[in-house]
Amino acid sequence: MKRSLSVLFFLLFLCLSTVTSDLESDRRALIVIRNSVRGRPLLWNMSDSSPCDWHGVRCVAGRVTQLRLPGAGLFGSLPIGGIGNLTELQTLSLRFNALSGSIPSDFANLVVLRNLYLQGNAFSGEIPSFLFTLPNIIRMNLGENGFTGRIPDNVNSATKLITLYLEKNQLTGSIPEITVLLKQFNVSSNQLNGSVPKSLSEFPRSAFEGNSLLCGSPLNPCEDVVVESPSSSPVGKKKKDKLSAGAIAGIVVGCVVGLLLLLLLLVCLCRRKKEENGAPRNVEAPVVVAPTSSAAAVPKETAVVVPPVTESGVVSKDLIFFVKSFGEFNLDGLLKASAEVLGKGTVGSSYKASFDHGLVVAVKRLRDVVVPEKEFREKLQVLGSMSHANLVTLIAYYFSRDEKLLVFEYMSRGSLSALLHGNKGNGRTPLNWETRAGIALGAARAISYIHSRDSTTSHGNIKSSNILLSKSYEAKVSDYGLAPIISSTSAPNRIDGYRAPEVTDARKISQKADVYSFGVLILELLTGKSPTHQQLNEEGVDLPRWVQSITEQQTPSDVFDPELTRYQSEGNENMIRLLKIGMSCTAQYPDKRPSMVEVTRLIEEVSHSSGSSNPVSD
Ligand SMILES: *[C@@H]1O[C@H](CO)[C@@H](O)[C@H](O)[C@H]1NC(C)=O
Ligand SMILES: *[C@@H]1O[C@H](CO)[C@@H](O)[C@H](O)[C@H]1NC(C)=O
Ligand SMILES: *[C@@H]1O[C@H](CO)[C@@H](O)[C@H](O)[C@H]1NC(C)=O
Ligand SMILES: *[C@@H]1O[C@H](CO)[C@@H](O)[C@H](O)[C@H]1NC(C)=O
């Protein structure tokens, strides 16, 4: 008995140690990459023992599965022993950098790689044929690089491939016959010659343009009668033979059948168009079965299961996951889970969904989505790639014509708004200074993180009902980045006490307008007054102006929430410092407001000097 137990422990130990050593090897490989590529440094914290929190890195089950560093200003060439050693990598996105050299030969080790996005770099050399023998490759974008030589003949080895973008390179020779069912294809602006293979003639002209020696449908017909196809297909040969009566009969029958099929397809397409007028053009042809459409109305190819897509915009009929660590479930499961209404917000209603096996998630049902599907998916992809300790994790989303769902992690303490202004009779505990300062800091860090993504990225809807709290009262910011996809008319008509004065369109919120809203939030935290409060609005003043008038006429401490000052004699000075930060954020003119980074730094100083046990960690 004792023996078997120790064996068990030994096995467990072995298991654990291999897991950690694999992650350790992933970490080493990432460092190899970091040390080889130059340019704007990768701000990875080398004292972290796990690479999983590094910018652009995502792990699942203790292995690196995604590396995304788009537009990060990287240059130099990729080393051997870097990406090739990330053997659990599923998505690699290095698009729009300035990387050069050839694709390292050890990319052949990436056996679970699904998505390869290298477009917009300066890679050169031939496109390695081993890319097409990667067993799981689905999407490959090598466009806008300096690849030379021929398109490898073994494209058809990539049986799952649906996207192949090779435009804007210097590829020569002819296009091989491609029999895998590609849904997206582009070889425009290369130096390809010969004729377009029949299997690709369905793609639009623009997929082939810019190759002056290329001919055949959808481009101009080839001048030679004999079509020189590289792997001359039997169909091509038949044309040269004299036609027998049987063949003619066959052709006639074929034509009739073809015509009927075409008609059927047209009818389907028309119906489809009506249903989904937002679908991107190049995704229309491969119709994907919507959950409700009857099987009879759908052409056969559509039975192909399309995997959920990330960067290229193909449609999925189930949930698309960004994070799997919360547990696996599908749309059906989600719809069957017991649901409880949490509230109605500006973007839609929220529900708490509890699964039988114990998992609880929050589901947001979006209303009035105004952007087309492609843009919606692109935007969601960006939101899904965000990851910060003070952001509510977006677990998955679902898009269909009449249902748009976002699945978030569930926050048991509800919103800051409810905690500040909720009914005192309901066992609501007053928030003390430490907690409020911690919430301000956590929210500041999350917004700062959002702003750091790109100078045009903003939260767009900062208010206390969008600041959720974890069990330990850690602030988690939600509803980030949704404003641009929601119709602005769906916003409530009443005066929005958080909106910066310069904002005219709720869908276009600048970072400085975010700072303003954040300032209002700080004032709300300190005064305990809701910016949308009836009384304030009736007086025609907003919260910043109210605070301003009180601090000018009376002592500053008169503005504070009585709940905050009742038990607090010391720390008052820090409250005033935080109040000043809030007021500077709500400056009338955007230029006068500090940046979110600056605000975060100031709040850090306040909360450190007040010695508050800081509940928020990075
Ligand atoms: C990459 O993998 C190879 C072969 O497994 C190994 O020899 C090498 O040390 C690894 N490189 C790093 C940086 O871990
Ligand atoms: C790096 O991480 C360590 C702890 O893991 C932390 O003490 C340090 O402040 C971090 N450095 C930066 C620049 O974030
Ligand atoms: C296409 O170009 C290659 C050289 O890049 C040449 O060898 C070949 O003969 C050309 N084929 C046609 C059909 O023009
Ligand atoms: C192919 O790429 C070119 C250049 O980027 C673009 O203009 C064209 O619209 C693309 N066509 C298709 C079908 O993707």
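When reading the values below, keep in mind they use all heavy atoms of this one structure, side chains included, and skip hydrogens, waters and symmetry mates. In listed order, ligands and their atoms are each counted from 1.
Distance check on atom 11 (N) of ligand 1: some protein heavy atom falls below the 4.0 Å cut-off. Remark: atom 7 (O) of ligand 1 lies closer than 4.0 Å to no protein heavy atom.
One option in L192, L214, T172 has a heavy atom closer to atom 5 (O) of ligand 3 than any other, and that option is T172.
Relative ring orientation between W44 and W54 is described as parallel, the plane-to-plane angle staying below 30° on a 0-90° scale split at 30° and 60°. Taking the six-membered ring where the residue is Trp, Y397 and F322 present parallel rings, their angle staying beneath 30° rather than reaching 60°. Using bins of under 30°, 30° to 60° and over 60° for the plane-to-plane angle, the ring pair Y449/H388 lands in the tilted bin.
Contacts between S188 and ligand 4 below 4.0 angstrom, taking non-hydrogen atoms only, involve the side chain exclusively. Using a 4.0 Å cut-off between heavy atoms, Q184 makes no contact with ligand 4 at all.
Checked against side-chain contact (heavy atoms from CB on, under 4.5 Å), S217 has the following partners two or more places apart in sequence or in another chain: S201. The salt bridge (charged side-chain N to carboxylate O under 4.0 Å, His left out) search around E403 returns R365, not counting sequence neighbours.
Considering backbone and side-chain atoms together, N186 places an N or O closer than 3.5 Å to an N or O of ligand 4.
Which parts of ligand 4 touch S206 is read off a 4.0 Å heavy-atom cut-off, strictly below it: atoms 1 (C), 8 (C), 9 (O), 10 (C), 11 (N), 12 (C), 13 (C). Near P204, the atoms of ligand 4 lying under 4.0 angstrom from a non-hydrogen atom of the residue are 13 (C). Residue contact check: K168 has heavy atoms under 4.0 Å from atoms 4 (C), 5 (O) of ligand 4. Listed by number with element, the atoms of ligand 3 under 4.0 angstrom from any heavy atom of N193 are 1 (C), 2 (O), 3 (C), 8 (C), 10 (C), 11 (N), 12 (C), 14 (O).
Residue L164 is tested with V180, V187, V155 for a side-chain contact (heavy atoms from CB on, under 4.5 Å); the sole match is V155. Exactly one residue among V64, V57, L23 makes a side-chain contact (heavy atoms from CB on, under 4.5 Å) with S50. That residue is L23.
In terms of protein heavy-atom proximity, atom 2 (O) of ligand 1 is nearest to N85 ND2, 2.4 Å. The closest protein non-hydrogen atom to atom 14 (O) of ligand 1 is R28 NE, 3.3 Å. Given atom 13 (C) of ligand 1, the protein heavy atom at minimum distance is V32 CG2, 3.6 Å.
Here the closest heavy-atom approach between residue V196 and residue L214 is recorded as CG2-CG, 4.0 Å.
In this structure, K324 forms a cation-pi arrangement with F321, its terminal cationic atom sitting closer than 6.0 Å to the ring centre and no more than 45° off the ring axis.
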